[in-house]
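Beneath this line is the structure, given in structure tokens, with notes to follow.
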Amino acid sequence: MTFKLTELPYDRDALEPHISARTLGFHYAEHHKTYVEKLNKAVAGTKYEDMALEEVIQASFRKNDKPVYHNAAQAWNHTFFWDSMDPASDGRPSGTLADKLDVQFGGLDDFRKQFKESAVSKFGSGWTWLIADGDNLAIVSTSDADSPLTTDTTPLITLDVWEHAYYLDYQNSRDKFVDAFLGHLINWDFAQDHLDAFETRRRLKV
Ligand code: FE2
């Protein structure tokens, strides 16, 4: 196996009652695992085998090599999503990120409102992200497997809004799933780490 299924950073029941062990079990051990397996089949014997996963996403996107791109992006997106959640979350950021949310979105409540609006209005399957883009933060939603890694922006946090992420627990009420993520699961420390790394890279480039 060229690419490995990353381990979940917590037990399968750790996100209950907001995400059930059944949902997390299917999502990780069926959906995420299948993307990794399909990726390994698609890259077998190709130049992609020797690349890091991020490079595979960018190179296959440029070449419009869809089976590789879709499965590589989904493999990466899911790992990023597991890390975007923390069973001990109180939903509140601290540090420089809290200040930036105030400046950019008018505070945590307004950030939540805008993130929820983007996630709920995303038609069909996709992902909602908080990204760093130059001096700014932004909320974007992407379709299907699409990832900010194919742009000049840096992802800080993501929410999977494919139906498989929430249907067993919330049926078609995506809005309740988004509320649970923002209020009880979001891993702001993870986002802060990515923001710090992004700002360090920017300083070094100047
Ligand atoms: Fe998913």
Side-chain angles (χ1 to χ4, degrees), residues 1-43 53-54 56-58 60-61 66-87 89 115-131 139-151 153 155-187 190-191 194:
M1 296 277 277
T2 304
F3 295 100
K4 293 192 168 57
L5 177 65
T6 52
E7 298 214 355
L8 273 179
Y10 29 70
D11 292 337
R12 293 185 190 186
D13 62 358
L15 304 180
E16 291 191 337
H18 311 294
I19 295 178
S20 67
R22 188 160 176 251
T23 289
L24 194 52
F26 276 118
H27 200 170
Y28 172 69
E30 302 295 335
H31 293 278
H32 191 184
K33 179 167 169 259
T34 300
Y35 292 126
V36 176
E37 288 172 350
K38 285 186 174 174
L39 171 63
N40 280 319
K41 277 190 191 144
V43 300
L53 185 54
E54 291 85 350
V56 174
I57 293 168
Q58 289 156 350
S60 60
F61 178 76
K66 287 183 180 165
V68 174
Y69 170 66
H70 288 153
N71 289 294
Q74 285 294 80
W76 191 94
N77 291 351
H78 279 89
T79 297
F80 201 79
F81 175 49
W82 309 137
D83 287 336
S84 290
M85 297 186 287
D86 174 4
S89 171
F115 191 97
K116 182 177 178 181
E117 169 64 24
S118 182
V120 170
S121 63
K122 175 81 204 83
F123 184 77
S125 298
W127 300 83
T128 300
W129 309 80
L130 175 64
I131 58 169
I139 296 164
V140 295
S141 287
T142 57
S143 294
D144 301 324
D146 280 343
S147 160
L149 292 185
T150 60
T151 72
T153 65
L156 305 180
I157 212 94
T158 196
L159 173 63
D160 186 342
V161 295
W162 286 57
E163 267 191 357
H164 66 223
Y166 60 88
Y167 198 84
L168 291 174
D169 297 332
Y170 298 93
Q171 291 73 56
N172 61 342
S173 299
R174 187 189 286 179
D175 56 328
K176 291 183 181 143
F177 173 60
V178 178
D179 283 341
F181 173 76
L182 291 171
H184 303 283
L185 299 173
I186 189 167
N187 186 348
F190 177 73
H194 281 274

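One is the number of the first residue; the rest follow in order along the sequence. Computed over heavy atoms, backbone and side chain alike; hydrogens, waters and symmetry mates excluded. Just follow the structure's listing: the first ligand is 1, and inside any ligand the first atom is 1.
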>> Listing by chain and number, which protein N, O or S atoms are under 2.8 Å from the Fe ion (ligand 1)?
In response: H27 NE2, H78 NE2, D160 OD2, H164 NE2

>> Just to verify, what does F80 make a ring-ring contact (aromatic ring centres under 6.0 Å, His included) with, not counting sequence neighbours?
In response: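 For F80, the residues satisfying ring-ring contact (aromatic ring centres under 6.0 Å, His included) (neighbours in sequence not counted) are W76, F190, H194.
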
> Taking the six-membered ring for Trp, are H31 and F26 ring centroids under 6.0 Å apart?
Replying inline: no

>> Under 6.0 Å between ring centres: does that hold for W127 and H78?
In response: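 Close enough - the centres of the two rings lie under 6.0 Å apart.
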
> With sequence neighbours excluded, what pairs up with S20 under the side chain to side chain contact (heavy atoms under 4.5 Å, CB included) test?
Replying inline: E16, R22, T23, D169

> Which heavy atom in H18 sits nearest to a heavy atom in Y170, and how many Å separate them?
Replying inline: O-OH, 2.6 Å

>> For residues 174-183, which residue pairs pass the salt bridge (Lys or Arg N to Asp or Glu O under 4.0 Å) check, not counting sequence neighbours?
In response: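 Those involving residues 174-183 are K116-D179.
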
